[in-house]
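Notes follow once the structure below has been shown.
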Number of protein chains: 2
Amino acid sequence: MVVRADLTDYELDRLFHALADTTRRDIVARVMAGEEASVSMLAGRYSMSFAAVQKHVAVLEEAGLVTKYPHGRERIVRGNPQQLARASALLHQLEQLWSARFSQLDAVLAEPPRRKE
Amino acid sequence: MVVRADLTDYELDRLFHALADTTRRDIVARVMAGEEASVSMLAGRYSMSFAAVQKHVAVLEEAGLVTKYPHGRERIVRGNPQQLARASALLHQLEQLWSARFSQLDAVLAEPPRRKE
DNA sequence: ACAATATACAACCATATGGTTGTACGTGCT
DNA sequence: AGCACGTACAACCATATGGTTGTATATTGT
């Protein structure tokens with residue numbers, strides 16, 4: 001599963017910022033799980049105004065984590081797994097950075113015992 | 001590599017918020033890569049005041065992404081890969097949520113053709 | 001045509017954020 | 001002892017964020 005990040009610093013800022021809110025993570029979870037959700041349907045699930053939820057969806061859209069498409073008078077919110085994968089890839093990259101610290105040591109340990117010359 | 005998230009909503013908020021800044025992601029990358037870095041050494045690398053970098057490190061520490069330990073008059077910043085893994089795990093979970101949408105369909109498709117009854 | 005619904009968007013407000021400068025304190029070096 | 005260095009922390013400022021209410025516009029159903 002090779003996913004190139006390919007995002008500018010600003011886009012990454014937006015992406016992680018979007019994930020740094022409980023309501024927004026919940027929305028992402030719902031739409032990723034396939035809940036066919038209009039903005040008002042989503043709004044019904046949280047104890048805040050419609051406008052507030054509308055703003056959260058806008059932040060997620062700005063981050064590329066969801067897209068909206070019109071269906072009659074409502075807007076259906078759909079998850080974008082690719083963008084999620086990009087965020088995931090960046091964290092994985094950082095983890096690799098860490099484990100790379102030991103890769104050289106690992107290599108030495110994994111090396112078969114050398115015969116005497 | 002099973003990593004349980006095990007974090008409250010608030011902690012996740014702090015964690016992703018900490019990652020939502022270019023300077024902070026850069027600091028994380030450096031310390032995860034093993035750069036033995038005091039706060040002032042880090043500060044030297046960015047075009048902002050020492051106090052600003054100090055605040056960024058504090059945000060990372062609050063999020064659990066780094067720890068500081070005293071060494072003489074300086075504080076050495078060290079990366080905490082476990083917390084990184086937790087953030088990573090959550091995103092992976094959300095990705096799984098997406099792919100789970102097709103698992104049932106996959107199962108049907110993978111099913112061997114049924115004999116006539 | 002009309003009422004109800006879904007959305008968009010602006011204005012407003014309190015608080016958080018990301019930066020600055022200034023001051024105080026502990027540690028190291030000569 | 002005295003100075004330089006590294007850190008801590010407070011005060012301050014401009015802007016961003018997360019919420020509200022209110023108003024306008026498009027669509028649906030009767």
Side-chain angles (χ1 to χ4, degrees), chain A residues 8-31 35-79 87, chain B residues 8-31 35-79 87:
Chain A
T8 66
D9 282 335
Y10 180 76
E11 289 170 322
L12 284 172
D13 288 358
R14 292 295 99 196
L15 185 43
F16 284 108
H17 168 69
L19 290 167
D21 179 278
T22 305
T23 303
R24 287 196 294 262
R25 282 194 305 275
D26 195 71
I27 292 175
V28 168
R30 288 184 184 283
V31 300
E35 185 167 314
E36 199 64 17
S38 69
V39 179
S40 60
M41 285 168 68
L42 285 171
R45 302 191 169 279
Y46 307 100
S47 56
M48 64 185 75
S49 69
F50 171 80
V53 174
Q54 208 179 15
K55 279 193 188 182
H56 281 307
V57 172
V59 169
L60 289 171
E61 199 180 13
E62 181 79 17
L65 281 166
V66 308
T67 54
K68 276 188 309 190
Y69 68 95
H71 178 70
R73 64 183 154 190
E74 36 187 84
R75 302 301 157 98
I76 305 300
V77 180
R78 179 169 23 184
Chain B
T8 67
D9 281 337
Y10 180 76
E11 289 169 322
L12 284 172
D13 288 358
R14 291 296 98 196
L15 185 43
F16 283 109
H17 167 70
L19 290 167
D21 178 279
T22 305
T23 302
R24 288 196 293 262
R25 282 193 305 275
D26 195 72
I27 291 175
V28 169
R30 288 184 184 283
V31 300
E35 185 166 314
E36 199 65 19
S38 70
V39 180
S40 60
M41 284 169 66
L42 285 172
R45 303 192 169 279
Y46 307 100
S47 55
M48 65 184 75
S49 69
F50 170 81
V53 173
Q54 206 177 17
K55 279 194 187 180
H56 281 306
V57 172
V59 169
L60 290 171
E61 198 179 14
E62 181 80 16
L65 282 167
V66 307
T67 55
K68 274 188 311 188
Y69 68 95
H71 178 71
R73 63 183 154 189
E74 35 187 81
R75 303 301 157 95
I76 305 300
V77 181
R78 178 165 28 182

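- Sequence order on DNA chain C of the closest nucleotides to A/Lys55 and A/Glu74 puts A/Glu74 first from the 5' end.
- At a threshold of 4.5 Å between non-hydrogen side-chain atoms, the residues B/Leu19 and B/Leu65 count as touching.
- In this structure, A/Ser38 does not reach the C/dA6 phosphate: none of its side-chain N or O atoms is under 4.0 Å from OP1 or OP2.
- For the pair A/Ala20 and B/Val39, nearest-nucleotide mapping onto DNA chain D gives the more 5' position to B/Val39.
- Going from atom CD1 of A/Ile76 over to atom C1' of C/dT7 covers 12 Å, rounded to whole Å.
- In this structure, A/Tyr46 atom OH and D/dG18 atom P are separated by 15 Å, rounded to whole Å.
- At whole-Å resolution of the value, CG in A/Asp9 and P in C/dG18 are 15 Å apart.
- Put simply, B/His17 has a side-chain N or O that comes within less than 4.0 Å of OP1 or OP2 on C/dG18.
- Contact of the A/Asp9 side chain with the B/Arg25 side chain is registered, since non-hydrogen atoms from C-beta on lie closer than 4.5 Å.
- Between the P atom of C/dT17 and the NE2 atom of B/His56 lies a distance of 12 Å, rounded to the nearest Å.
- Straight-line distance from the CZ atom of A/Arg75 to the C1' atom of D/dT25: 11 Å, rounded to whole Å.
- With respect to the salt-bridge test (charged N to carboxylate O, under 4.0 angstrom), the residues B/Arg75 and B/Glu61 do not qualify.
- Close to C/dA16, at under 4.0 Å from its OP1 or OP2, lies no side-chain N or O of B/Arg14.
- At least one side-chain nitrogen or oxygen of A/Arg24 sits closer than 4.0 Å to the OP1 or OP2 atom of D/dG18.
- The CD-C1' distance, from A/Glu62 to D/dT17, rounds to 14 Å in whole Å.
- Dashed line: the shortest gap from a side-chain N or O of B/His71 to OP1 or OP2 of C/dG26 is not under 4.0 Å.
- The line from CD of A/Glu74 to CE of A/Met41 is 7.5 Å long, rounded to the nearest 0.5 Å.
- Put simply, B/Ser40 has a side-chain N or O that comes within less than 4.0 Å of OP1 or OP2 on D/dT7.
- Side chains of B/His17 and B/Arg24 form a contact here, defined as non-hydrogen atoms less than 4.5 Å apart.
- Atom CD1 of B/Ile27 and atom P of C/dG18 are 12 Å apart (whole Å).
- B/Lys68 has a side-chain polar atom (N or O) that falls below the 4.0 Å cut-off from OP1 or OP2 of D/dA8.
- In terms of phosphate contacts, A/Ser49 brings no side-chain nitrogen or oxygen within less than 4.0 Å of OP1 or OP2 of D/dG19.
- OP1 and OP2 of C/dC9 both lie 4.0 Å or more from every side-chain N or O belonging to A/Gln54.
- Rounded to whole Å, atom P of D/dA26 lies 15 Å from atom CZ of A/Arg73.
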